[in-house]
Structure formats: C-alpha cells, structure tokens
Amino acid sequence: MQNDKLRIAIQKSGRLSEKCLALLCRSGIQFDIRKDRLFYKARNQPVELMLVRDDDIPEYVRDGVCHLGIVGLNELAEKIGVSENHDAAPVSIVRRLGFGYCRLALAWPKQRPFEGMQSFANTKIATSYPNILSRFLREEGITAQPVEISGSVEVAPTIGVADAICDLVSTGATLQTNGLQEVRTLLESEAVLVRPKKLFTVEQDKFIRKILARIYGVLKAQTSK
Ligand code: PRT
Ligand code: ZN
C-alpha cells in the first residue's frame, strides 16, 4: 500500500458504480474517468481510485490493498464472511450507504407445493452465494446441495439444473417472470463503506477521517432532503 495516497476501491462497471462515483464526487474528490484503466488519480486530492469487479473488493480491503472500499454487504458476507461488525472481523463496516438495496433470498417454483423449509431437504439449490447458503443450511439443519452458478441463476429450475434458487432480489420481477416465489430471506443487503481492521499511519488515519467526515456530510444532506 502506498503511503502517500488514500486508495479507494469501487465497482468498475455495474449497479453500484455510478452511485459510488457520485458519492465521492459530491464529497469533493474529482476524477477524470475516461479510459479503461484500473487506477485513477484524483485531480484535487491525494486519493487514488481503484476500479475493480465487486467480487474482489472484500479481499482487497481485508488485505489492505486499499484503505476504503464500497461494496454490497452480500459480497462482503460471501467472500470474507462479514455481515456485521465484530471483534474478530478482518474489516470494519464504516457505514451503510443507503443505496444498492436488495436481499438474498431462497425462491421455490410456484408450480410445486411448498411445505415450509423442510421442502428444501435433499434438493439442489442454484446460487452465486454458496458460502452464505451453506452456512444458512447448516444453521437450519437442512441437508441440501448448493449448485454454484455465476449468472442467470433464476433459470436453473426451468432447465433442470436445480430444484430451487438462492439469489438477490430487488423488485421481485425476475422471480415473477421465472415462475418462482420468494420463501425466505437470508440477508438484507445494501452498499457499505468498509475499511481494513489493520491500523494505518497517523497521517493516513487523519486523512481517512477527513474524507469520511465529508462522505458523512453528503449522506446527511441526502437523508435530510
Ligand atoms: O462485474 P461485477 O462482478 O463487478 O458485477 P456483478 O454483475 O457481480 O454485480 P451487479 O453490478 O449486478 O450488482 C452489484 C451489486 O448490486 C450486488 O452485489 C448487490 O449488492 C447490488 N444489487 C442491488 C443487486 C440487485 N440490487 C439486483 N437486483 N445485484 C443484482 N441484482 C440482480 C439479481 O441477481 C437478479 O438477477 O437483479 C435480479 C433481480 O432483480 P429484480 O428487481 O427483478 O428482483
Ligand atoms: Zn460481481
């Protein structure tokens, strides 16, 4: 990690990207983002932006590759097992950001009878969140097999790859279109600002606090509108 620049990781291209950039911009950090690059230096601050896949952000923050990151709580829980602050967690959730709301939920085909959670016994459940799902099944004492799929999880029951799914839901339209009903929420998610647990230098820490104060100011102004 460079000592002289605050490095912030955000999603390169996806649902969270624009809102992350807008938040940083309103916090007074200006970037010229034009080319397909990994790093962008801010025009007016000792800040470097790292544009990456959201899947990689939890590990980058945990490993101290960056000083701050913005990512969905769902990715944080899946990749490094953190969904709330606790002493042993390798990263701190600094703040929930109030966008990117969704939930990770189990969904069951509408045309099949559903008799509560025992219906999942000995089924295959398609998901992009095998770690969260396995943890949940263990806690609930359900023997079922997560089937990891990276995209279009919702078609898995129709094409016979799985019996049910565990996926992110926002409006519920995707489940509706695919004849699935939501039956249980595993995690309520939104974009969160995270930082490594490891300590920074006094100077770095001072600057991080300054940037965080600005971000809090923007968020406060947004919620009081
Ligand atoms: O390329 P990269 O790996 O960075 O992006 P990605 O494709 O993995 O993620 P992306 O951009 O799709 O989502 C980024 C983050 O946005 C997620 O990790 C969540 O924290 C958040 N988010 C909020 C969502 C949704 N809402 C959402 N609805 N992520 C995905 N969805 C998908 C869901 O998987 C399903 O396919 O939208 C569909 C359901 O939406 P509804 O409205 O039909 O219910
Ligand atoms: Zn991703």
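Order of appearance sets the numbers: ligands from 1, and atoms from 1 within every ligand.
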With heavy atoms and a 4.0 Å threshold, my read on which part of Leu16 contacts ligand 1 is side chain
Number the atoms of ligand 1 from 1 as they appear, then name those within less than 4.0 Å of a heavy atom of Asp167, with their elements. 34 (O), 35 (C), 36 (O)
From atom 35 (C) of ligand 1, work out which of Ile165, Val192, Leu168, Leu175 has a heavy atom at the shortest distance. Leu168
Proximity to ligand 1 by part of Gln11, non-hydrogen separation under 4.0 Å: side chain
Atoms of ligand 1 under 4.0 Å from any heavy atom of Thr171, numbered from 1 in the order shown, are 41 (P), 42 (O), 43 (O), 44 (O)
Relative to the heavy atoms of Val169, which atoms of ligand 1 are at a distance of less than 4.0 Å? 44 (O)
Which of the numbered atoms in ligand 1 are under 4.0 angstrom from any heavy atom belonging to Gly72? 20 (O)
NZ/Lys19: more than 12 non-hydrogen atoms of other groups inside 6.0 Å: no
One residue to check: Ser170. Relative to ligand 1, which of side chain, backbone, both or neither has a non-hydrogen atom less than 4.0 Å away? both
The Zn ion (ligand 2) -> Asp54, closest N, O or S atom is OD1
Determine whether more than 12 heavy atoms belonging to other residues, nucleotides or ligands lie under 6.0 Å from atom NZ of Lys12. yes
Which atoms from ligand 1 have a heavy atom of Thr174 less than 4.0 Å away? 38 (C), 39 (C), 40 (O), 41 (P), 43 (O)
Against heavy atoms of Tyr101, which atoms of ligand 1 measure under 4.0 Å? 23 (C), 26 (N)
Between the side chains of Thr123 and Asp163, does any donor sit under 3.5 Å from an acceptor? no
When you compare the side chain of Glu140 with that of Arg184, does any pair of heavy atoms fall below 4.5 Å? yes
For atom NZ of Lys110, decide whether the heavy atoms of other residues, nucleotides or ligands shown that lie under 6.0 angstrom number more than 12. yes
Against heavy atoms of Gly14, which atoms of ligand 1 measure under 4.0 Å? 11 (O)
Can you tell me which residue and heavy atom of the protein come closest to atom 12 (O) of ligand 1, and the distance to 0.1 Å? Arg15 NE, 3.2 Å
Cation-pi check, Arg95 onto Tyr216 ring (under 6.0 Å, within 45° of axis): yes
For Ala173, counting its heavy atoms only, list the atoms of ligand 1 lying under 4.0 Å from any of them. 43 (O), 44 (O)
Determine, for Arg195 against Asp205, whether the closest basic-nitrogen to carboxylate-oxygen distance falls under 4.0 angstrom. yes
Neighbour count above 12 (heavy atom, 6.0 Å) for Arg43 CZ: yes
What do you reckon, does Asn74 have a nitrogen or oxygen under 3.5 Å from a nitrogen or oxygen of ligand 1? yes
Name of the Asp55 atom (N/O/S only) found closest to the Zn ion (ligand 2): OD1
